[in-house]
Number of protein chains: 2
Amino acid sequence: MRQTSFADMHCSLARSLEVIGDWWSPLILRDIHLGLRRFGELVEDLGIPRALLAARLDALVGGAVIEKVEYQQRPSRHEYRLTEAGRDLVPVLLALTAWGDRWRSPDGAPIVAHHRCGATTPPAIVCAGCGEPIVAGDLDYSAGPGAATARGTQLIAGVLAGGGRR
Amino acid sequence: MRQTSFADMHCSLARSLEVIGDWWSPLILRDIHLGLRRFGELVEDLGIPRALLAARLDALVGGAVIEKVEYQQRPSRHEYRLTEAGRDLVPVLLALTAWGDRWRSPDGAPIVAHHRCGATTPPAIVCAGCGEPIVAGDLDYSAGPGAATARGTQLIAGVLAGGGRR
DNA sequence: AGGCTTCGGTTCAATAGTTGAACTGACTAG
DNA sequence: CTAGTCAGTTCAACTATTGAACCGAAGCCT
């Protein structure tokens, strides 16, 4: 019996979590993005058990969000870098960080991001159609082409078909 | 010793994960947002063990992202609803879902979100200063007021002080 | 009144994952 | 030829997850 896999759920959130939903994975990605790319640096920065880091890195490589690159030969040494999919995840992690800044960091943000335009304001999640910031209450949902009634969306399918419940 | 807590790390991403970083928690929040608010509905939709759901709901209530509300008396029955902090998390979950749509759902999105403006396009994460979509390479970082050198940011502090490494 | 059903959990034993310390192996520098 | 660096692996103790069974309060049916 393994920890339940989300890979087969017909939900993109579940599939995303299958790749980066483990306890340490988002922090590993943060560190790699910030420039800590070597095994030893990650161990030292995070205090993560070495066995677990090795397993997580393998999983992230398998999930194609990072890749293992040789940075020197003799002795052969490797480091980890974000792939394109991994870089595409950075804004999401930044948005989650901003949430933590808003709701969990009364003493101020520990890390401040600067956009190349000079702004240090938190990111905004906006509708690509109208440009307005997205607010939970402004959303509605319908079933897409990949929908199914199965574990993880056993009732969701019905809720969506019924025009939603919210 | 239990699973390492991220609560004391000086990183808002770690603090966010402390609340919603567990394996099932984001899916539970998704379901509650979509209208599945009762214990039994969540069990049926997700196939999550009842003991685990009870523990996760308690933790999410403790983390102030959901609240337990009585929806009928005699017999007393409760449901779970997003708090303001929980609703503020919805756009982030939507962004993570969109990432899964882009990179993990070759057959098309299982769930399609509609903004009240009519658009069904995925959300965009933009810089609140200039309005441009945020791309990993356009970011730089510096230490904020809450920074510290401790587990979770043992090396990060130095990297930020040195003007970054990226 | 007595029995069946619903809802929202709790309990439990088996299994799987996490932890931290110690160890390994390839290689280099001195 | 000894010590050191880096990137892991191994291992035993401990925790967490799983899924099935059980529980209790209350309403409904006859």
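Remember, it's a predicted structure, so these values are computed and weren't measured experimentally.
Rounded to whole angstrom, the span from the CD1 atom of I32(A) across to the P atom of dA7(D) amounts to 12 Å. In this entry the distance linking OH of Y80(A) with C1' of dA7(D) reads 8 Å, nearest Å. Spacing between atom CG of D58(B) and atom C1' of dT10(C) amounts to 12 Å, rounded to whole angstrom units. Atom NE2 of H78(A) and atom C1' of dG25(C) are 14 Å apart (whole Å). R74(A) places its CZ atom 19 Å from the P atom of dG25(C), with the value rounded to the nearest Å. Atom CD in Q73(A) sits about 12 Å away from atom P in dC27(C), given to the nearest Å. For L36(B) and dC7(C), the CG to P distance is 14 Å, given to the nearest whole Å. Here dA16(D) presents its P atom at 18 Å from CG of L53(B), a figure rounded to the nearest Å.
Checked against dA7(D), dG9(C), dT18(D), the side chain of R50(A) finds its nearest nucleotide in dA7(D). Minimum atom distance to the side chain of A54(A) is reached by dT9(D), of the listed dT18(D), dT19(C), dT9(D). Across dG19(D), dT17(D), dT9(D), the shortest atom-to-atom separation from the side chain of R56(B) is found for dT17(D). Here dT18(D) is the nucleotide among dT19(C), dT18(D), dT28(C) with the atom lying nearest to any side-chain atom of T4(A). The side chain of R151(B) has dG20(C) as its nearest neighbour among dC27(C), dG8(D), dG20(C).
Under the 30°/60° scheme for interplanar angles, the aromatic rings of Y141(B) and H33(A) are found to stand perpendicular. By the 30° and 60° cut-offs, the orientation of the rings of W24(A) relative to F6(B) is perpendicular.
Side chain R77(B) to base dG8(C): no donor-acceptor pair is found below 3.5 Å.
OP1 or OP2 of dT18(D) has at least one side-chain nitrogen or oxygen of W24(B) nearer than 4.0 Å.
Although no hydrogens or angles enter the test, the distance criterion places a donor-acceptor pair under 3.5 Å between the side chain of Q72(B) and the main chain of P75(B).
Across all strands shown, A51(B) has heavy atoms under 4.0 Å from base atoms, whether or not it also approaches the sugar-phosphate.
We find that E79(B) and R77(B) are not joined by a salt bridge, their nearest charged nitrogen and carboxylate oxygen being 4.0 Å or further apart.
Along DNA chain C, the nucleotide nearest to P49(A) and the one nearest to A55(B) differ in position, and the one closer to the 5' end is contacted by A55(B).
Because its NZ or CZ atom is both nearer than 6.0 Å to the ring centre of Y71(B) and within 45° of the ring axis, R38(B) counts as a cation-pi partner of that residue.
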